[in-house]
Enquirer: 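This is the structure I have questions about; it appears just below.
Chain naming here is simple, since letters A, B, ... match the order of the sequence lines and numbering starts at 1 in each.
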Amino acid sequence: MAAERVQVTNADIADMLNEMANLLEIDGANPFRVRAYRQAALTIATMPRPLADMVEQGENLTDLPGIGESIAAKIEEIVRTGKLDQLEEERSHIPPQLTELLRVPSLGPKRASVLYKELGITSLEQLKQAAQEQRIRQVKGFGPKLEQTILKDIEQAQQYQRRYLWAEAAQIARPLVEYLRANDRVKRVDVAGSYRRGLETVGDLDILAIGTTDTPDPAIGEYFVRYPSVKEVISRGDTRSTAVLASGMQVDLRVMPAESYGAAMIYFTGSKTHNIHLRQIALDKGLKLSEYGLFRGEERVAGATEQEVYRTLGLDYITPELREDRGEIEAAAQGQLPHLVTLEDIRGDLQAHSKASDGVNTIEEIALAARALGYAYVTITDHSRRLRVARGLDPRQVREQMNEIDRLNARLENITILKGAEVDILKDGSLDLPDDLLGDLDIVVCSVHSSFNLSKEQQTERIIRAMDNPHFNILAHPTGRRLGERQPYEVDMERLMLAALERGCYMEINSQPDRLDLNDKHAHMAKTLGLKLAISSDAHRADDLSVLQYGVMQARRGWLEPEDVLNTRDWPELQRLLRR
DNA sequence: GCCGTTTTCGGCCCGACTGTTTTCAGTCG
């Protein structure tokens, strides 16, 4: 067998373009040129389809947003040779390690460049030493305070810059918001930022507050920094304060007047690219958009509510989950925004584990919890025998469980328990339970729990072979990733989705906060291809059925509407969809 | 470097805070 060709990944290309941007910036290049490289890198890093494939098939890269002739040629060079000549060139006259200095907050390209030219500093170590020897304060434009700040910031740069799972961030945000709302001088408090957009991980919290007075009330910022969990105050002004909590989470608080609330919410919710696009539209209409409002000259024409700002820009209201500048602004201009799925649309759960395998509750307890959530059905999907660590069930145990479910269904009202299993896809693509048994289940959920490091080709083939089994219904956590813990295994997602469509199979958005797998881009890809998805809790305890809300958030970020989701259907209709 | 039913050239989002300055540059979001 021929050695597999090593394909340049989108991440590789994005890294090289980002490094170009960093080096050019230190070099004092045109800032818009620098931005163009960053923009292109962002586009590339977040697109699911491998650029290498596009190049191979001779597709036109300049069709991609932010990629023109020049960068397209560079991408082709990278794909073909694995290198970029111009990057080598830049590296030869600017020490590439210098970009390391940009990771230090308070050091940008200008200061990094000055420190290199004046003191010959190229690494964090040298920077630290220079600061300790008080040589930095002697450089023009620097002083003792900045030197101290740099010294402190080096520590931060050397630490792993952690992001929090959305669910973790929520646990930090909620009590803080409650604390702020408890103050009489505060009229309104909301969390904005990536948290509000429902991103799977959150780096910091952006909180917006409105006071009871017309002018910014400094007392609110003072109250904020007295929050008991505040470990360190980074900055404090009348309208803006930044602090780090004991958890390590950074929090930015902005205090705004009520007349600017909507504009400020838009501004602080982001994303950055969404905002830049909105501001461009404002300029085109002879208006100016800032966090204070939408202005024609000095006159504020909108700003109190988000709806008002969008409307004045000629746009339908765009829900935060969509604000990524991935076409939502164009859709809003044409009245074509999707009507996104909500938690209320969900009729039941398609994956949950009982104590029979690695869950903690009985089937009855799970059923009652599902009923309490207003569901019509819940599916018990205990693991199959191969997964020893999860006490996977053998065929006889699955049969016993099916009988138990029959007895429970006869007894319980207003909830239907569906018979399922989470069946291991073995290395050769066969399923871990016999066909006659699978044929008697209501729903067969299949997933990969072993041999994560097969090649992309092998992993894809393995899963497609599993889908060839006529009882295969839903591919669970299709990439196997665990946020912050485990990278996804390699698969050709587009091929998998097309294979699923051909065979009448489906995929899952797993709602566990550290999985959220499929991710938003893959979910959007599924919608585009016409593949319906399940949103499942994968609960291992009855209380965890509620994590399904995170999966809904991810689905919304993927533009999914109720009809794109399997479990917005009642059981009879779902049953028809599952038939192959 | 990208982009365009106003443009193939001349634009490219906007404001707060800090530290270093005597009016502003750099950084950040």
Enquirer: In whole Å, measure the gap between the C1' atoms of B:dC2 and B:dT8 for me.
Expert: 12 Å
Enquirer: Which nucleotide wins on minimum distance to the side chain of A:Thr149, given the candidates B:dG29, B:dG19, B:dC12?
Expert: B:dG19
Enquirer: When the P atoms of B:dT20 and B:dG26 are compared, how many Å lie between them, rounded to an integer?
Expert: 14 Å
Enquirer: From CG of A:Leu151 over to P of B:dG19, roughly how many Å is that when rounded to an integer?
Expert: 15 Å
Enquirer: Describe the nucleic acid contact of A:Lys272 in one word from base, sugar-phosphate, nothing, applying a heavy-atom distance below 4.0 Å.
Expert: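 Contact class for A:Lys272: base.
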Enquirer: When rounded to the nearest 0.5 angstrom, what is the spacing between OH in A:Tyr310 and CG in A:Leu278?
Expert: 5.0 Å
Enquirer: On a whole-Å scale, what distance lies between the C1' atoms belonging to B:dG11 and B:dT6?
Expert: 13 Å
Enquirer: Let's test your reading of the model: under 3.5 Å, does the base of B:dG15 pair with the side chain of A:Tyr292 as donor and acceptor?
Expert: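 Side chain to base: no pair present.
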Enquirer: OP1, OP2 of B:dG19 versus side-chain N and O of A:Arg111: anything below 4.0 Å?
Expert: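 False: A:Arg111 side-chain N/O out of range (4.0 Å or more) of B:dG19 OP1/OP2.
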Enquirer: Atom CG of A:Asp284 and atom C1' of B:dC13: how far apart are they, to the nearest Å?
Expert: 12 Å
Enquirer: B:dC17 and B:dC13: how far apart are their P atoms, nearest whole angstrom?
Expert: 22 Å
Enquirer: In whole Å, I'd like the distance from the CZ atom of A:Phe32 to the C1' atom of B:dG11.
Expert: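 Spelled out: CZ on A:Phe32 to C1' on B:dG11 is 8 Å.
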Enquirer: Ignoring backbone atoms, test whether A:Arg33 places a side-chain nitrogen or oxygen under 4.0 Å from the OP1 or OP2 oxygen of B:dG1.
Expert: yes
Enquirer: Given B:dG19, B:dC13, B:dC14, identify the nucleotide with an atom nearest to the side chain of A:Leu146.
Expert: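 Of the candidates, B:dG19 comes closest.
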Enquirer: Can a donor-acceptor pair under 3.5 Å be found between the side-chain atoms of A:Asp206 and the base atoms of B:dG29?
Expert: no
Enquirer: Could you verify whether a donor N or O on one side chain and an acceptor N or O on the other, from A:His522 and A:Asp517, lie under 3.5 Å apart?
Expert: no
Enquirer: Verify the contact: side-chain N or O of A:Lys74 to OP1 or OP2 of B:dG1, cut-off strictly under 4.0 Å; return yes or no.
Expert: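 For B:dG1, OP1/OP2 do have a side-chain N/O of A:Lys74 under 4.0 Å.
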Enquirer: Does the side chain of A:Ser106 get closer than 4.0 angstrom to OP1 or OP2 of B:dG26 through an N or O atom?
Expert: no
Enquirer: Nearest of B:dC2, B:dC28, B:dC14 to any side-chain atom of A:Ile71?
Expert: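 So the nucleotide nearest the side chain must be B:dC2.
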Enquirer: So what does A:Asp204 touch, heavy atoms closer than 4.0 Å: a base, only the sugar-phosphate, or nothing?
Expert: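 Since no nucleic acid heavy atom lies under 4.0 Å of A:Asp204, the category is nothing.
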Enquirer: Any idea which of B:dC2, B:dC12, B:dG15 is nearest the A:Ser290 side chain?
Expert: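 Nearest nucleotide to the side chain: B:dG15.
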Enquirer: Would you say the ring centroid of A:Tyr179 lies under 6.0 angstrom from that of A:Tyr223?
Expert: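 Under 6.0 Å, so yes.
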Enquirer: If you check every side-chain atom of A:Lys145, which of B:dT20, B:dC2, B:dG15 has the closest atom?
Expert: B:dT20
Enquirer: Provide, to the nearest angstrom, the distance between the OH atom belonging to A:Tyr267 and the C1' atom belonging to B:dG15.
Expert: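 Computing the A:Tyr267:OH to B:dG15:C1' distance gives 7 Å.
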Enquirer: If we take the C1' atom in both B:dT21 and B:dA25, what is their distance in whole Å?
Expert: 9 Å
Enquirer: For A:Glu200 and A:Gln554, does a side-chain donor sit closer than 3.5 Å to a side-chain acceptor?
Expert: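 A pair is found: one side chain offers a donor N or O, the other an acceptor, under 3.5 Å apart.
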Enquirer: Which nucleotide, B:dG1, B:dG26, B:dC13, lies nearest any side-chain atom of A:Gln86?
Expert: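 Of B:dG1, B:dG26, B:dC13, B:dG1 is nearest to the side chain of A:Gln86.
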Enquirer: Could you give the CZ-to-C1' distance, from A:Phe142 to B:dT27, as a whole number of Å?
Expert: 12 Å
Enquirer: Give the nucleotide from the list B:dC12, B:dC14, B:dG15 with an atom nearest to the side chain of A:Gln280.
Expert: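 Within the option list, the nearest is B:dC12.
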Enquirer: Side chain of A:Ser235 only, please: which of B:dG1, B:dT18, B:dA16 is the nearest?
Expert: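 Of the options given, the side chain of A:Ser235 lies nearest B:dT18.
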Enquirer: How many angstroms lie between CD in A:Glu76 and CG in A:Leu61, if you round to the nearest 0.5 Å?
Expert: 5.0 Å
Enquirer: Heavy-atom nearest nucleotide on DNA chain B for A:Ser70 versus A:Leu289: which residue maps closer to 5'?
Expert: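 With A:Ser70 and A:Leu289 compared, the 5'-side residue is A:Ser70.
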Enquirer: Contact class for A:Pro31 vs. all strands (heavy atom < 4.0 Å): base, sugar-phosphate, or nothing?
Expert: nothing
Enquirer: Are the side chain of A:Glu299 and the backbone N or O of A:Phe295 linked by a donor-acceptor pair below 3.5 Å?
Expert: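 The answer is no, because no donor-acceptor pair under 3.5 Å joins these two groups.
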Enquirer: Is there a Watson-Crick or G-U wobble partner for B:dT8 with both distances under 3.5 Å, and which nucleotide is it?
Expert: none
Enquirer: Whole angstrom is fine here: how far is it from CG in A:Leu23 over to C1' in B:dG1?
Expert: 16 Å
Enquirer: Name the closest nucleotide to the A:Lys110 side chain, picking from B:dG29, B:dC2, B:dG26.
Expert: B:dG26
Enquirer: Between atom CD of A:Gln512 and atom NE2 of A:His477, what is the distance when rounded to the nearest 0.5 Å?
Expert: 9.5 Å
Enquirer: Contact class for A:Lys140 (heavy atom, under 4.0 Å): base, sugar-phosphate, or nothing?
Expert: nothing
Enquirer: Given A:Glu25, which partner from the list A:Lys110, A:Arg38, A:Arg35, A:Arg33 fulfils the salt bridge (charged side-chain N to carboxylate O under 4.0 Å, His left out) test?
Expert: A:Arg38
Enquirer: Would you indicate what A:Ile67 reaches in the nucleic acid, counting non-hydrogen atoms under 4.0 angstrom: base, sugar-phosphate, or nothing?
Expert: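 Contact class for A:Ile67: sugar-phosphate only.
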Enquirer: I need the CG-P distance between A:Leu294 and B:dC14, as an integer number of Å.
Expert: 11 Å
Enquirer: Could you tell me how far apart A:Arg236 (CZ) and B:dC28 (P) are, to the nearest whole angstrom?
Expert: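 Distance check: A:Arg236 CZ to B:dC28 P gives 21 Å.
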Enquirer: Need one value for A:Tyr37: base, sugar-phosphate or nothing, where a base atom within 4.0 Å counts as base even if backbone is also close, heavy atoms only.
Expert: sugar-phosphate
Enquirer: In terms of the nearest nucleotide of DNA chain B, which residue is placed more toward the 5' end: A:Arg279 or A:Ser241?
Expert: A:Arg279
Enquirer: What integer number of Å spans the C1' atoms of B:dC9 and B:dA16?
Expert: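 34 Å, rounded to whole Å.
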